[in-house]
Amino acid sequence: MSCYEIEALRLGLMNVLGTEDDHARQHAEQELEGHLDGPIEALANAETLAGIERHLDAALVDLEEEIAAADEDDPEYDYLRGRLVAVRDAERAVHRLTAQGEDVLAGLGEAHDVLHEAFPVDE
């Protein structure tokens, strides 16, 4: 069993962060072999946090549909539900990462304004 959403998210985050860990990338790609289509493929290839959020949301919808269609007596049913919890937790982590990045950006803008107030530039 594999958690395709998490492995695809790892690849997308490696793209966004510029991570050059070939071993981790190869491992994730192996886990996703034969499953790189739709939102999973888009998530694995995402190059922005906004793209990651969008494709992760689509992957969650697909996972929720898979769970809804699954038989509760299926031995994999509990795993699917656990996978949903893990992916939703990852989604919250990505939202926090985006919010923190936006806070850093806003702080840099404020620092820039303070510098110009303290040291006005004659135009």
Side-chain angles (χ1 to χ4, degrees):
M1 294 183 212
S2 182
C3 188
Y4 307 119
E5 299 83 6
I6 297 294
E7 291 302 322
L9 175 58
R10 290 181 67 222
L11 284 171
L13 284 171
M14 283 185 230
N15 295 338
V16 169
L17 299 173
T19 303
E20 308 235 353
D21 184 343
D22 289 333
H23 177 72
R25 183 172 292 280
Q26 288 172 359
H27 174 77
E29 289 170 347
Q30 286 174 349
E31 290 285 325
L32 292 170
E33 195 168 311
H35 298 281
L36 278 173
D37 56 6
I40 297 296
E41 180 179 25
L43 182 56
N45 294 321
E47 295 183 352
T48 65
L49 286 175
I52 284 175
E53 287 183 347
R54 184 174 58 254
H55 300 307
L56 185 57
D57 186 53
L60 269 165
V61 168
D62 285 357
L63 180 56
E64 289 168 345
E65 289 174 357
E66 184 179 352
I67 292 168
D71 182 0
E72 291 183 25
D73 294 330
D74 185 331
E76 290 190 26
Y77 183 76
D78 289 336
Y79 170 74
L80 285 172
R81 291 180 48 84
R83 198 166 114 195
L84 179 63
V85 170
V87 175
R88 285 204 176 152
D89 185 51
E91 180 185 40
R92 284 189 296 277
V94 169
H95 288 311
R96 286 190 307 273
L97 182 59
T98 299
Q100 289 170 350
E102 289 171 354
D103 285 346
V104 168
L105 185 59
L108 291 172
E110 290 172 14
H112 180 250
D113 292 343
V114 168
L115 271 172
H116 279 286
E117 287 175 18
F119 304 99
V121 176
D122 292 332
E123 292 184 32

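This one's a predicted model, so the numbers in the text were calculated from it and none came from an experiment.
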Spacing of [atom1] belonging to [X] relative to [atom2] belonging to [Y], to within rounding of 0.5 Å:
X	Y	atom1	atom2	answer
E5	R88	CD	CZ	11.5 Å
T98	L49	OG1	CG	4.0 Å
E76	R81	CD	CZ	15.0 Å
E29	D22	CD	CG	9.0 Å

Shortest non-hydrogen separation from [X] to [Y] and the atoms involved:
X	Y	result
A90	I6	CB-CD1, 3.8 Å
P39	A59	CB-N, 3.6 Å
A70	Y77	CB-CD1, 3.8 Å
M14	D21	SD-O, 4.4 Å

Apart from F119 itself, residues in the same hydrophobic cluster as defined by side-chain heavy atoms under 4.5 Å: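 The other cluster members (ILVMFWY side chains, heavy atoms under 4.5 Å, direct or chained) are L115.
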
Hydrophobic cluster identity match, V94 and I40, side-chain contacts under 4.5 Å: no

Verify same cluster id: V61, I67 (apolar side-chain graph, 4.5 Å): no

Minimum side-chain heavy-atom gap [X]-[Y] below 4.5 Å:
X	Y	result
L80	D74	no
D57	E91	yes
Y4	L36	no
L9	L56	yes

Audit row: R92, D89, salt bridge (charged side-chain N to carboxylate O under 4.0 Å, His left out) steps and yes/no: CA-CA 5 Å; R92 284 189 296 277; D89 185 51; 3.6 Å; yes

Partner of L11 under side-chain contact (heavy atoms from CB on, under 4.5 Å), chosen from L32, I52, L43: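 Among the candidates, only L32 passes.
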
Counterpart residues, side chain to side chain donor-acceptor pair (under 3.5 Å), relative to E7 (two or more places apart):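 With neighbours one apart ignored, the set is R10.
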
Partner residues of R54 under the side chain to side chain donor-acceptor pair (under 3.5 Å) criterion, sequence neighbours left out: none

Residue pair H23 / H27, side-chain donor-acceptor N/O under 3.5 Å: no

N15 side-chain N/O to E47 backbone N/O, donor-acceptor pair under 3.5 Å: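 Looks like no, no N/O pair under 3.5 Å.
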
